[in-house]
2 protein chains.
Amino acid sequence: MIAGSVTWQSLRAEALRRIRSRIWPPGAQIPHEADLAEEFGCARATVNRALRDLAEAGYLERRRKGGTRVALTPVRKATFEISIIRQDIEGRGQGYGYRLLADRLAPAPTEVRKALRLMDGSMSELRFVRALHLADDRPFCLESRWLNPAVAGPGLCFDAQSANEWLVRNIAFSGGDLGFYARAADRALAADLACDEGAALFAVDRTTFSDTTPITAVTLTYAPGYRLVTEM
Amino acid sequence: MIAGSVTWQSLRAEALRRIRSRIWPPGAQIPHEADLAEEFGCARATVNRALRDLAEAGYLERRRKGGTRVALTPVRKATFEISIIRQDIEGRGQGYGYRLLADRLAPAPTEVRKALRLMDGSMSELRFVRALHLADDRPFCLESRWLNPAVAGPGLCFDAQSANEWLVRNIAFSGGDLGFYARAADRALAADLACDEGAALFAVDRTTFSDTTPITAVTLTYAPGYRLVTEM
DNA sequence: TCGAAAATTAAGTATAGACATAATCTGCGA
DNA sequence: TCGCAGATTATGTCTATACTTAATTTTCGA
């Protein structure tokens, strides 16, 4: 039961309590919105708001006509933010530095073309940009990027502003893929990131699209010791 | 303008179009809910639903009385699911195997106690579990875990079912911290994961709580080649 | 001029009622 | 028995209205 006035948050909390305490066990059907509204003495819309929120969070599964049931395996979702690297560094209280290492048109490797869904042979060459982000003058992250030249034409210069920052600020992207992995530093990476050859490095591959237009495929390789952290 | 009946999704789409096309530029204040409701010929609640959704997605910032403004740096959020490792492996179409390597009470290292907020000296010993998850009989992931013995007492046996699976299925956790990083395989890791010493390994640290009760702190270290993938 | 109190404002939430939509279930006919 | 049409049902959504809450702005007194 809920004391006092019923808000959708209090109703959500009570529903979560019933799920956790197994009053509503995994897989079980829970009462209809109308019944719950009556039980708690509130409008159905309020119940709907609470249950919808729990469904979004993965605790419940809802289907029209089928009713609402407790998720069998509560899939916990972790979210983290894709920010501008400069802000990431400055947020740690460190000084930001940036160095452009390469910027040229070149034929992209097959796996990059595949990730960007450019297998039809269009756009034979992509713009390749390599840049280093520094924190307190020490290498922090190496950005290795393939760009759709139709989106970031040759008039655009990445000498002062990184492609990362320009893209986040100016291109509306609608979706993409993300991959996290560990890689060993080869000779070139070790030189750029000022670490030992063979060092274990954290890396992120990211492909972005705006609608169906391929925008960019980037690999961010971080200097040793980097941790990507988030809360659940 | 929106053709036909106005749903909160169509309104959301139109608002997003205005943000992307810079009709509503970054940082700018957008019209009030009441004004938009009038413009689109719908109820304010419908506008609220659409704008609230865009705010949750990071496109807008809303404050009571302050109104709604377009986010200066659209923070993109990626979400991924925390699943049972067995399901992860089976989802790849591989056969799942499991081997318990260690299970004992032991004093936990300081950093583990700190992560679990056990710095007051209570619970001098925690339950330590080490287990290997195999995919098609090859090492896939090493689970190295500290457990609150009050939650997973000695009566509970992890010979057949991994602590990972038992916890996901039986413990309601409310929150925790997550960290991703790369680490080099030391001699012990190399032996367990059947890889070369010094290999770059992807690892995840996870701390979980139920309310304020510490549940577990785990490190999952994956065999070489593992990629954590998700979509945006 | 300064600062606190009061007024104002825009989002947040609750409600009753209505209709839409997708599943599911029922019953009929072949 | 099978399959499809139609009835049923639970969630999804929209509306109009009212009230709440947080924050800003204005006002007014010291």
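Throughout, a chain's letter reflects where its sequence line sits, starting with A, and its residues are numbered from 1.
Residue B:G66 is classed as having no contact, given no heavy-atom separation below 4.0 Å to the nucleic acid.
Residue pairs meeting the side chain to side chain donor-acceptor pair (under 3.5 Å) criterion with at least one member in residues 27-36 of chain A, sequence neighbours excluded, are A:Q29-A:R69, A:E33-A:R44, A:E33-A:N48, A:E33-A:R62. Residue pairs that meet the salt bridge (Lys or Arg N to Asp or Glu O under 4.0 Å) test with at least one member in residues 46-61 of chain B, sequence neighbours left out, are B:R12-B:D53.
In this view, B:R227 and A:D205 satisfy the salt bridge (Lys or Arg N to Asp or Glu O under 4.0 Å) rule, not counting sequence neighbours. Take A:Y222 and apply the side chain to side chain contact (heavy atoms under 4.5 Å, CB included) test, not counting sequence neighbours, and it matches A:F140, A:C141, A:F202, A:V204, A:L220, A:Y226. For A:R92, the salt bridge (Lys or Arg N to Asp or Glu O under 4.0 Å) partners are A:D88, not counting sequence neighbours. For B:R86, the salt bridge (Lys or Arg N to Asp or Glu O under 4.0 Å) partners at least two apart in sequence or on another chain are B:E90, B:E165. The side chain to side chain contact (heavy atoms under 4.5 Å, CB included) check on A:P25 picks up A:A28, with sequence neighbours excluded.
Of all nucleotides in DNA chain C having an atom under 4.0 Å from a heavy atom of chain A, the first and last in 5' to 3' order are C:dT13 to C:dT24.
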In 5'-to-3' order, the base (B), backbone-only (S) or no-contact (-) status of each nucleotide in nucleotides 13-22 of chain D, using a 4.0 angstrom heavy-atom cut-off, is BSB--B--BB
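Here D:dT24 presents its C1' atom at 12 Å from CD of B:Q29, a figure rounded to the nearest Å.
At the phosphate of D:dT11, OP1 or OP2 sits under 4.0 Å from a side-chain N or O atom of A:R62.
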